[in-house]
Amino acid sequence: MNRHHIFQYLKVSKYWSQLLTLYLLLTATFGITQVRDKIDPKLLIADPSKLQDIVVVLNKQADISAVKSIHGKDNKATFVFDALLKTAENSQEEVKGFLKGRNIGFRSFYIVNMISLKANRDLITRLAALPSVREVIEDGRFMMIEPVPAREKTDARAIEWNVTKINAPSVWSLGFTGQNVVIGGQDTGYEWDDPCLKGKYRGWNGTTANHDYNWHDAIHENNPMSPGTNSCGFNSPVPCDDNNHGTHTMGTMVGDDGLGNQIGVAPGAKWIGCRNMENGYGTLTTYTECFEWFLAPYPVSGTPSQGNPLMMPHVINNSWGCPPVEGCNNTNWSVMETALNNLRNAGCVIVVSAGNSGSACSTVSDPAAIFDGSYTVGATNSSDAIANFSSRGPVTVDNSGRMKPDVSAPGVQVRSCIRGANNFGTWNGTSMAGPHVAAAVALLISANPSLAGEVDKIEEILSYTSVHLTSTENCTTPGSNIPNNTFGFGRINVLDAVNMALASNYTPYVKQNTSIVIDNASKGLILASPSGTLFSVKTDNAGIPVATQLAGVSSNPVKVTGASFNLEPFSTGIILKSPSGNYWQLGVTNSGAVTTSALATLPATYSIIQANDLYIEHLLKGVLLRSPDNTCYLVHMSNLGKLIAIPANCVN
C-alpha cells in the first residue's frame, strides 16, 4: 500500500471512529434521558446522598377487565385477587433480585404492581434503568381531613338527629340493620373495645377477640410530619386509635352501646379496620397497604399472599385526603387511583369524604375524593342546607371537570364515640358525613343481599333515591340542576333506597310469556317512583328511553294492579314505538344496565296495546326482565325519572 492509500485509509478510519464515538455518545445520552424521564422530578432535586422514601412502579399491570362479566362479591374479589397477585409475582423478580443481591430491604405490593423502599439518588437511578420498571416516584404524604370545630354536646341518650334524618330508624323497623354486612374503615385506627363498637367488631365473638383478618396496622415507623410520640406505637397487633378521628367515624357507622346511645346508622353490621395514618399523617404506601389488605385480609402476623378475598368488606369509609402541600401530585395520583379502582372492581364500595375546603367552587381538589371511582360525600346540616366548609366541585386539578360530590349526608353537629369509656364528641366535617353513606350501603345490602359486590348498582340506587337538593351556587353546572356541584344528587334517603332495592316489594308477579307491544308512539309504560311520582316511558327515534313526569294518568290505561310484570323468557320484553314508527324493545345487559334494542320485525307472537298506556299501578312495582346471562332484574323508576334495574329473584 503506497503512502497516498495509507493516508486515505487513515482519514476514512478516523471518520468512522468519530462517527462511532458520536453514536455511542448519543446512545448514552438518550439512555440517560430515558432513565431520568422515569424518575419523579421531586427525587431528582433532593440531596443525592439522602435516603428517600420511594415507590418503584412496574411496567406490567394486571388486566382485570373480565371482572365486568362476573356477578357477586365473593366471585369478583377472588378473581381480582388471583389476577393481581399472579401478575405481581411473575413480574417483580428482576427488581426483587436486584435489591436482594444488595441486601436492601423493601415491601412488595400487588394491588398496584409496585415495590417500596428507601433509596439514595444512585440507587434510584439504577432502579429506573431496569427494563421492568415504569417509573420511580416519591412516596407522597397524606393526612386525615381535620374536623371543623363544633360545640361539644355529649349528654344525649337517644337516636341521634343525623341518623333519623336519613330515615335509618324506618329501615330498622323493616328488619334491616346491616346484618350480614361488613364495613371497613381506614383511618387513624379504632378503639375496638369502646362500648359502642365492641359488640360490632368482626373479631369479637362475645367472649374472646381474634384480630386476624379483622385488623391491620400499616404504620411501621414514625412519620416525619407527625409531632411527638405515638400512643399506639407501630405494628400494633390489636386495634388502636392514636387520634380519636377513626373511632368517631366508626361510631357513626355502627355504634350503639345498648344504653341509649344510638349513634350508628347500621348497628347490625360488623366492622373491620386498618390504621393508615400516624397521628393523622399517612403516605402513599400506608394507604395502598390498607387498600390491599381490604381486598384480601390476612392475619396480623401474616403476609399479603395469605390473604383471603372472601373476607373483604362490602364497603369502606375514607375520611382523609392528600393536598399538594403534603406531597401529593399527579405522579402518585395514578398509583392511588389504580389501587382504589382495583378494590372497587373487586366489589367493594369506596366511600370518600369530599373535604372541608369549601365554600368556593372546585374545592374538591384532593385524592381520593377527586377520583371517578370514589363515591364522594358532601356535608349537610339538620335543615338540609349545605355546610359552608363542604368542598364543592367540579374537579379541576386533573382537568377532568368531573362533577363532585356524588351525594351528601349529615356532617354538622354529629355526635359519636371517641376514645375512653362512655366518651362522646360532637364534630363537624365531611369526615362525619361519609360514614352515613358507608352505613347506608350496609342497610341496602342487608335488605337485598344480591346487591353485594354490585358497586355501580348500589351507587345508582343511593343517588337516584336521595332527597334532591338545589342551590343558588353555580359551579360550572347550574345549582338548580340535579345533580349539581354543591350537593351532588342530594342528601341520601336510605328508606327510599331500601324500598327500591327490597325484593319483597316487587311481588306478586303477573306472568307474561309474550312480549307486549305498545303500538302507539304517543303512549308508553307508566311507572311510579318510590316517592309516588308518575312517569311515562316512551322512546325517541334513536331508541333512547325518555321518561316524562305526569300529573295524572289518562283514561283507560291497561293496568297491572298491585303487582309487577314477569316477562319470561329472556327474549320477551316491553316493545315501544318511536315517533318515526320503529320498534324498540326494553331490556337489561348482564351488568344490569337498562337498554333498548332495535327490532327489524315484531316477534312471531306478542300482545298488543294499540291506543292506551301500560300502567304498573302500584308503588315500587315494575317489570321483571332477564339479561342475556339469565340474571333477573326488576326494572322500575327512580325519583328523578330514570329507569333502574335492581337484582331480583327469578320466578317462574
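As the structure is a computational prediction, the values presented were derived from the model and not from experiment. Throughout, numbering of the chain's residues begins at 1 and tracks the sequence. In what follows, every heavy atom counts, from backbone to side chain, and hydrogens, waters and symmetry copies are set aside.
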When rounded to the nearest 0.5 Å, the distance separating CG of Leu495 from OG of Ser170 is 5.0 Å

For Cys290, the disulfide (SG to SG under 2.5 Å) test, sequence neighbours excluded, returns Cys274

Residue set satisfying side-chain hydrogen bond (donor to acceptor under 3.5 Å, both in side chains) with Thr177, at least two apart, ordered chain then number -> Gln179

Taking atom types as modelled and ignoring hydrogens, do the side chains of Thr476 and Asn485 form a donor-acceptor contact shorter than 3.5 angstrom? no

Given Glu160 and Lys165, is the salt bridge (Lys or Arg N to Asp or Glu O under 4.0 Å) satisfied, shown in steps? CA-CA 9 Å; Glu160 294 297 326; Lys165 187 71 176 179; over 6 Å; no

Quiz question: by atom type and distance under 3.5 Å, do the side chains of Asp629 and His71 form a donor-acceptor pair? yes

What distance do Leu525 atom CG and Leu614 atom CG have between them, rounded to the nearest 0.5 Å? 5.5 Å

Flag the pair Asn505 / Asn499 as yes when at least one side-chain heavy-atom distance between them is below 4.5 Å, and no otherwise. yes

For a quick check under 3.5 Å, do Thr465 and Asn493 share a side-chain donor-acceptor pair by atom type? no

Non-neighbouring partners of Lys68 that pass salt bridge (Lys or Arg N to Asp or Glu O under 4.0 Å), sequence neighbours left out: none

Side-chain heavy-atom pair Asn428, Phe389 within 4.5 angstrom cut-off: yes

Please identify each residue that fulfils side-chain hydrogen bond (donor to acceptor under 3.5 Å, both in side chains) with Asp406, with sequence neighbours left out. Lys404

Show your reasoning for whether side chain to side chain donor-acceptor pair (under 3.5 Å) applies to Thr486 and Glu473. CA-CA 7 Å; Thr486 301; Glu473 300 172 347; 2.8 Å; yes

Would you tell me whether Ser531 and Asn639 have side-chain atoms, one donor and one acceptor, within less than 3.5 Å of each other? yes

Strictly by modelled atom types, are Gln413 and Thr426 linked by a side-chain donor-acceptor pair under 3.5 Å? no

Across all chains, not counting sequence neighbours, the ring pair (Phe, Tyr, Trp, His ring centres under 6.0 Å) partners of Tyr375 are none

Any Ile646 side-chain heavy atom under 4.5 Å of Ile644 side chain: yes

Hey, what do you get for CG (Leu451) to CG (Leu502), rounding to the nearest 0.5 Å? 10.5 Å

Hydrogens and angles aside, do Ser390 and Asn388 bring a side-chain donor and acceptor to less than 3.5 Å of each other? no

Between Ser319 and Asn317, is there a side-chain heavy-atom distance shorter than 4.5 Å? yes

NZ/NE/NH1/NH2 to OD/OE distance under 4.0 Å, Glu454 and Lys73: no

Check Ile316, Leu462, Val455 against Val441 for a side-chain contact (heavy atoms from CB on, under 4.5 Å) and give me the one that passes. Leu462

Donor + acceptor pair across side chains of Arg626, Asn566 (<3.5 Å): yes

Verify ring pair (Phe, Tyr, Trp, His ring centres under 6.0 Å) between Phe489 and Tyr464, making sure each step is shown before the conclusion. CA-CA 7 Å; Phe489 277 89; Tyr464 280 90; 4.9 Å; yes

Please identify each residue that fulfils side-chain hydrogen bond (donor to acceptor under 3.5 Å, both in side chains) with Thr380, with sequence neighbours left out. none

May I ask you to say whether Glu191 pairs ionically with Arg419, meaning some side-chain N is under 4.0 Å from a carboxylate O? no

Contacts of Trp172 that satisfy ring pair (Phe, Tyr, Trp, His ring centres under 6.0 Å) - sequence neighbours left out: none

Any residue meeting salt bridge (Lys or Arg N to Asp or Glu O under 4.0 Å) with Lys523, in chain and number order, not counting sequence neighbours: none

Contacts of type ring pair (Phe, Tyr, Trp, His ring centres under 6.0 Å), residue His436, not counting sequence neighbours: none

Would you indicate whether the side-chain heavy atoms of Tyr633 and Pro647 approach each other to under 4.5 Å? yes

Residues two or more places apart in sequence or in another chain: which of them pass ring pair (Phe, Tyr, Trp, His ring centres under 6.0 Å) with Trp584? none

Lys200 to Trp271 six-membered ring, cation-pi geometry met (6.0 Å, 45°): no

Under the disulfide (SG to SG under 2.5 Å) test, which residues partner Cys196, sequence neighbours left out? none

Listed partners of Gln549 passing side-chain hydrogen bond (donor to acceptor under 3.5 Å, both in side chains), at least two apart: none

Between OG on residue Ser536 and CE on residue Met637, distance to nearest 0.5 Å: 8.5 Å

Within the 3.5 Å criterion, strictly below it, is a donor on Ser374 or Thr376 matched to an acceptor on the partner's side chain? no

Side chains of Ser365 and Thr363, donor plus acceptor under 3.5 Å: no

Take atom CG of Asn180 as the centre, draw a 6.0 Å sphere, and report whether it contains more than 12 heavy atoms from other residues, nucleotides or ligands. no

Distance-only polar pair, side chains of Thr561 and His618, donor-acceptor under 3.5 Å: no

Validation row: Thr247, Cys417 side chains within 4.5 angstrom (heavy atoms): yes

Between Glu459 and Arg344, is there a salt bridge with N-O shorter than 4.0 Å? yes

Is it true that Arg415 and Asn261 share a donor-acceptor pair across their side chains at a distance under 3.5 Å? yes

Would you check if Ser471 and Phe487 make a side-chain contact, meaning some heavy-atom pair closer than 4.5 Å? yes

Once the angle between the rings of Trp427 and His248 is folded into 0 to 90°, is it parallel (under 30°), tilted (30 to 60°) or perpendicular (over 60°)? parallel

Calculate, to the nearest 0.5 Å, the distance between atoms CG and CD1 belonging to Asn381 and Ile386 respectively. 8.5 Å

Student check: side-chain heavy atoms of Pro394 and Met403 closer than 4.5 Å: no

